[in-house]
Amino acid sequence: MTSAQQIANGQLTPFVLLDVVLKLGLVLFLIYGSAYLLKRYGHQILNFQVSKNKPDQALEILQVQALQRGVTLYLLQAPHSQILISVSGTEVRRLSEWANAVPHTIELEADIHEAI
């Protein structure tokens, strides 16, 4: 008979109680241990880094616009794109993404306009 069946039948003995407490303790340990490990090492496991030491991988906030109570738009500069996200109390949503213009293309267009 399992611990749950013994408790349901009213056969609560010290051994059954100890068994239930140990199993609950193990589950809570696994939950909190996993949360700690993800917080401590998650960025290394998921290969996600935003660091001041590596400016080519950093995100930069270009503009912030509050829309309504609790909802804000952020325009972010990533290494190769600009990203528009909305942030609320319950979610972060990517709204749009634009690839950066190639600097040489901009210089060529300026040279063409000067030549004309």
Side-chain angles (χ1 to χ4, degrees):
M1 191 178 289
T2 66
S3 301
Q5 290 171 339
Q6 288 178 345
I7 292 173
N9 291 335
Q11 301 171 351
L12 188 59
T13 65
F15 295 111
V16 172
L17 186 60
L18 179 64
D19 181 51
V20 170
V21 169
L22 286 176
K23 288 178 183 177
L24 179 62
L26 177 64
V27 168
L28 291 176
F29 174 77
L30 289 174
I31 290 171
Y32 284 108
S34 298
Y36 170 78
L37 290 175
L38 278 175
K39 185 176 181 181
R40 178 92 165 105
Y41 301 107
H43 66 317
Q44 294 171 356
I45 294 169
L46 299 174
N47 223 3
F48 177 75
Q49 293 180 343
V50 176
S51 172
K52 292 182 180 178
N53 298 333
K54 299 179 181 180
D56 59 329
Q57 294 182 355
L59 290 175
E60 180 183 350
I61 299 175
L62 298 178
Q63 245 180 339
V64 178
Q65 178 66 47
L67 293 181
Q68 52 182 294
R69 188 175 179 163
V71 178
T72 307
L73 289 179
Y74 289 89
L75 180 61
L76 306 174
Q77 179 67 52
H80 303 291
S81 63
Q82 289 183 347
I83 304 166
L84 181 65
I85 62 171
S86 74
V87 178
S88 69
T90 57
E91 70 177 342
V92 176
R93 181 179 290 181
R94 184 180 67 166
L95 300 175
S96 188
E97 184 171 349
W98 301 275
N100 286 344
V102 179
H104 300 306
T105 306
I106 295 169
E107 292 173 6
L108 288 174
E109 288 176 8
D111 291 342
I112 291 170
H113 289 294
E114 288 176 6
I116 296 176

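As a basis for the values below, the full set of heavy atoms in this structure was taken, side chains included, without hydrogen atoms, waters or symmetry mates.
Summarising the geometry, atom CG belonging to L22 is positioned 9.5 Å from atom CG belonging to L17; distances are rounded to the nearest 0.5 Å. Note that CG of L76 is 9.5 Å distant from CD of Q82, once rounded to the nearest 0.5 Å. Atom CZ of residue R93 and atom CG of residue L84 lie 12.0 Å apart, to the nearest 0.5 angstrom. Atom CG in L67 sits 10.5 Å away from atom OG in S88 (nearest 0.5 Å).
Side-chain heavy atoms closer than 4.5 Å link hydrophobic residues (I, L, V, M, F, W, Y) into clusters, and following such links, possibly through other members, connects V64 to V92. Residues V87 and I61 are members of one and the same hydrophobic cluster, defined by side-chain heavy-atom contacts under 4.5 angstrom among Ile, Leu, Val, Met, Phe, Trp and Tyr. L18 and V20 fall into different hydrophobic clusters, where Ile, Leu, Val, Met, Phe, Trp and Tyr side chains are chained together by heavy-atom contacts under 4.5 Å.
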Determine, stepwise, if the pair L75 / W98 fulfils side chain to side chain contact (heavy atoms under 4.5 Å, CB included).
CA-CA 11 Å; L75 180 61; W98 301 275; 3.9 Å; yes
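Atom CD of Q63 has 12 or fewer neighbouring heavy atoms from other residues, nucleotides or ligands inside a 6.0 Å radius.
The two atoms that bring L62 and Q77 nearest to each other are CD1-OE1, 3.6 Å, heavy atoms only.
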